[in-house]
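One structure is given below, encoded as structure tokens.
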Protein chains: 2
Amino acid sequence: MLSETGDLAKSPRRKSQAITIETVARVAGVSAMTVSNVLNNSKPVREATREAVMRAVRDLNYTPNLAAKALAGADTTRIGLLLSRDDFSFISSVLGGAVEATSALGAQLMTRRLGHQSHDEVLAAAQDVVVAGANALVLPGLYAGILQEELRNGLIDVPVVAASVGDEIEGIWSIRIDDEAAAYDMTTSLIALGHRRVGFLRAEEKHLVHKTRFAGYARALAEAGLALDPSLVVTSPLSFDSGIAAADAFLDRTDRPTAIFASNDDTASAIVAMAHKRGLRVPDDLSVAGFDDSPLALRMWPRLSSVRQPVTEIARKATELAISLARLSGETPAHRTDIIDHTIVMRESTAPLAEGLVCA
Amino acid sequence: MLSETGDLAKSPRRKSQAITIETVARVAGVSAMTVSNVLNNSKPVREATREAVMRAVRDLNYTPNLAAKALAGADTTRIGLLLSRDDFSFISSVLGGAVEATSALGAQLMTRRLGHQSHDEVLAAAQDVVVAGANALVLPGLYAGILQEELRNGLIDVPVVAASVGDEIEGIWSIRIDDEAAAYDMTTSLIALGHRRVGFLRAEEKHLVHKTRFAGYARALAEAGLALDPSLVVTSPLSFDSGIAAADAFLDRTDRPTAIFASNDDTASAIVAMAHKRGLRVPDDLSVAGFDDSPLALRMWPRLSSVRQPVTEIARKATELAISLARLSGETPAHRTDIIDHTIVMRESTAPLAEGLVCA
DNA sequence: CTGAAAGCGCTTACAG
DNA sequence: CTGAAAGCGCTTACAG
């Protein structure tokens, strides 16, 4: 999805009043060329000059005219973005954020769609988009996780920013929520409802959330003085179909958990479906919570409690960062992570544990 | 104007030999300005001249440089697009197609997001985007249906193209599938599976598909020699929540239908959920089919049979049409409709009627 | 480290 | 109906 504010486009062209590079140059007391050099880092500029220019730019609120840049033959900044072909909710938000950023900053977006998500395919796609001219890459968490070896070893030739990556990856930039804290918060919410046996559907190792979301779950149990029962933790791919299979592991047992926290909404939804198949009532017999607050959460019955991450915002920030890294010449700044706030959304799929079931 | 003029000859920067308006002008034996006038319909041009120019354009496969156009102050073509805030699957596809078209043809996309879909809000949004400068509008079917009065009466000041509108609207252009035929095909498929009591969840009147999809359903029954039982037709909003309510009307009766065909996937999914709640098995006790083949269809259990329309393609074509209409000066061509092919996708939510239930 | 000048490919007054 | 010229706001050789 694109901008929530509604406008994908720029306002109608205002010619006369526009502030040009000439204006900036005059105010800063330099030539237009020097302004250009400062802005594009294209040639070394004396520090005092650079500061004067930047001050003028800021004071005048100057924005370069993209058409003129393009016509004059400037190298366009190209941002490569890998997208999954399936993950509809996530990718439309990611795409929206990325488009916002690229169109605001005058960069070009190059997307690659991936069908499977094998290591080789992801690596090939990343390399392909770099060869095709991308100056920086934005990798949604899953792909960053899959390529973590390559990323750590600097095998990708351009700056990489991971969006919603679920955990730190040394050697790249990232914008994400604190997955550990988010999982802790949701687990704590379930415990607060009276649940003592809380199952956890854990992502596979290739997802970095494998570690962080599980850690949050474990910490919440520990703080509540509950033992972590390893048989209540089921590792599974995060697709709906895999969730169907994983549901058996939770439900085919006499000492079923009273609540299950799944690492995404697709699998949570699958667990609800299988619970219904067995004649269990949700949330009366079983509470279920997911992660992502995808559109699916409101298109199932009962509606799903979930953890929301502001994906569009994360993608926008990641893309903005990728653009500035791509435009940098000279030394690159140190890698860092920006943490964005998450939200816990409780709906009808979770409820206080029925009286009789509460363990004393 | 040949290159002997010295200045031109020793141009410091010769980029790739892109074909410019100069080239076209030379080949056509006219000035660049005349080429520009022909291409933009900006001034009257003699027919012979126009033809010579167009031939050169075609022969050289000339495409105008958008950056130069913009810089030179050409009026940008702005296409307004109204989008629903909820309908995630549909809008991401619509948006994708619209972005494809606008970026390929150098137009600018202006989107407006609608929360509710009241007549007044939709009309206000359409007017707003026109006031903001849109030269043509692309309206997803629902909105075109809501505004049909205004559209028929020519109350919108710019050309309007409806995408997936579900039925003809006099006075505007449209790109859509044949909803009647699509509903006919799906109903016929259900009948072919042995079903004799096929329920139909019908859209509200404000959706134009209210008429066409119902007509296709009715025709299929008629051709199969089946009576249309009005009590098996339930009219409902197309949201998941409304589908939950509508499901009762189908299922709270002794002579339940053996199959239900819902006018979209959200409501079909709600019917499946309510069937499960009642302990009915899908498809063993009840077959369910939807319309749209949205991502939801693969994220429910069992997977949903549905009618697929190529939304991205439809949106792209609609946007292309809107762009050419916006760029036209002088008389506008007659309204027309382009019909795009649909696909029937059968999955596990539908199955041959169990032996015992087939009426002789 | 800094600047004057040419030019990117188009369109828009302005003249015929 | 058609064209010569100026100029949109940048960047890129080239020259200090």
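Each chain gets a letter, A, B and so on, in the order the sequences are listed, and its residues count up from 1.
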Nucleotide [N], atom [atom2] - distance to [atom1] of [X] in whole Å:
{"X": "B:Arg46", "N": "D:dT2", "atom1": "CZ", "atom2": "C1'", "answer": "9 Å"}
{"X": "A:Leu60", "N": "D:dG9", "atom1": "CG", "atom2": "C1'", "answer": "15 Å"}
{"X": "A:Glu47", "N": "C:dC1", "atom1": "CD", "atom2": "P", "answer": "10 Å"}
{"X": "A:Asn37", "N": "D:dA13", "atom1": "CG", "atom2": "P", "answer": "12 Å"}
{"X": "A:Arg50", "N": "C:dT2", "atom1": "CZ", "atom2": "C1'", "answer": "14 Å"}
{"X": "A:Lys69", "N": "D:dC8", "atom1": "NZ", "atom2": "C1'", "answer": "16 Å"}
{"X": "A:Leu39", "N": "C:dT2", "atom1": "CG", "atom2": "C1'", "answer": "16 Å"}
{"X": "B:Ile19", "N": "C:dC8", "atom1": "CD1", "atom2": "P", "answer": "16 Å"}

- Can you find a pair of side-chain heavy atoms, one from B:Asn135 and one from B:Val158, that are under 4.5 Å apart?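 Not in contact.
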
- Message: With heavy-atom distances below 4.5 Å as the criterion, would you say the side chains of B:Leu151 and B:Leu139 are in contact?
- Response: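 They are in contact (side-chain heavy atoms under 4.5 Å apart), so the answer is yes.
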
From the set [options], return the single nucleotide nearest to any side-chain atom of [X].
{"X": "B:Val45", "options": "C:dC10, D:dT2, C:dT2", "result": "D:dT2"}
{"X": "B:Ala68", "options": "D:dG9, C:dC10, C:dT2", "result": "C:dC10"}
{"X": "B:Leu71", "options": "D:dT11, D:dC8, C:dG3", "result": "D:dC8"}
{"X": "B:Thr49", "options": "D:dC1, C:dC10, C:dC1", "result": "D:dC1"}

- Message: It should be established whether B:Ser31 places a side-chain nitrogen or oxygen under 4.0 Å from OP1 or OP2 of nucleotide D:dG3.
- Response: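 Looking at the OP1 and OP2 atoms of D:dG3, one of them is under 4.0 Å from a side-chain N or O of B:Ser31.
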
- Query: OP1 or OP2 of D:dG3 less than 4.0 angstrom from a side-chain nitrogen or oxygen of B:Thr34, does that happen here?
  - Reply: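 Answer yes for this pair, as a side-chain N or O of B:Thr34 is under 4.0 Å from OP1 or OP2.
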
May I ask you to say whether [X] pairs ionically with [Y], meaning some side-chain N is under 4.0 Å from a carboxylate O?
{"X": "A:Arg26", "Y": "A:Glu22", "value": "no"}
{"X": "A:Glu313", "Y": "A:Lys317", "value": "yes"}
{"X": "A:Asp128", "Y": "A:Arg112", "value": "yes"}

- Query: Can you tell me how far CG of A:Leu123 sits from CD of A:Glu149, rounded to the nearest 0.5 angstrom?
  - Reply: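 So the CD of A:Glu149 and the CG of A:Leu123 are separated by 11.5 Å.
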
Scan nucleotides 14-16 of chain C against the protein and return all N/O pairs shorter than 3.5 Å with their distances rounded to 0.1 Å.
{"from": "C:dC14", "atom 1": "N4", "to": "B:Lys43", "atom 2": "NZ", "distance (Å)": "3.1"}

- Sidechain-backbone polar pair: B:Tyr143 side chain, B:Leu81 backbone, donor-acceptor under 3.5 Å: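 A pair under 3.5 Å: no.
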
- Message: Suppose we define a pair by two distances each less than 3.5 Å, Watson-Crick or G-U wobble; what does C:dA13 pair with here?
- Response: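 Its partner: none found.
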
- For D:dA4, give its Watson-Crick or G-U wobble partner with both distances under 3.5 Å, or none.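 Pairing partner, where one exists within any strand: none, as none qualifies.
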
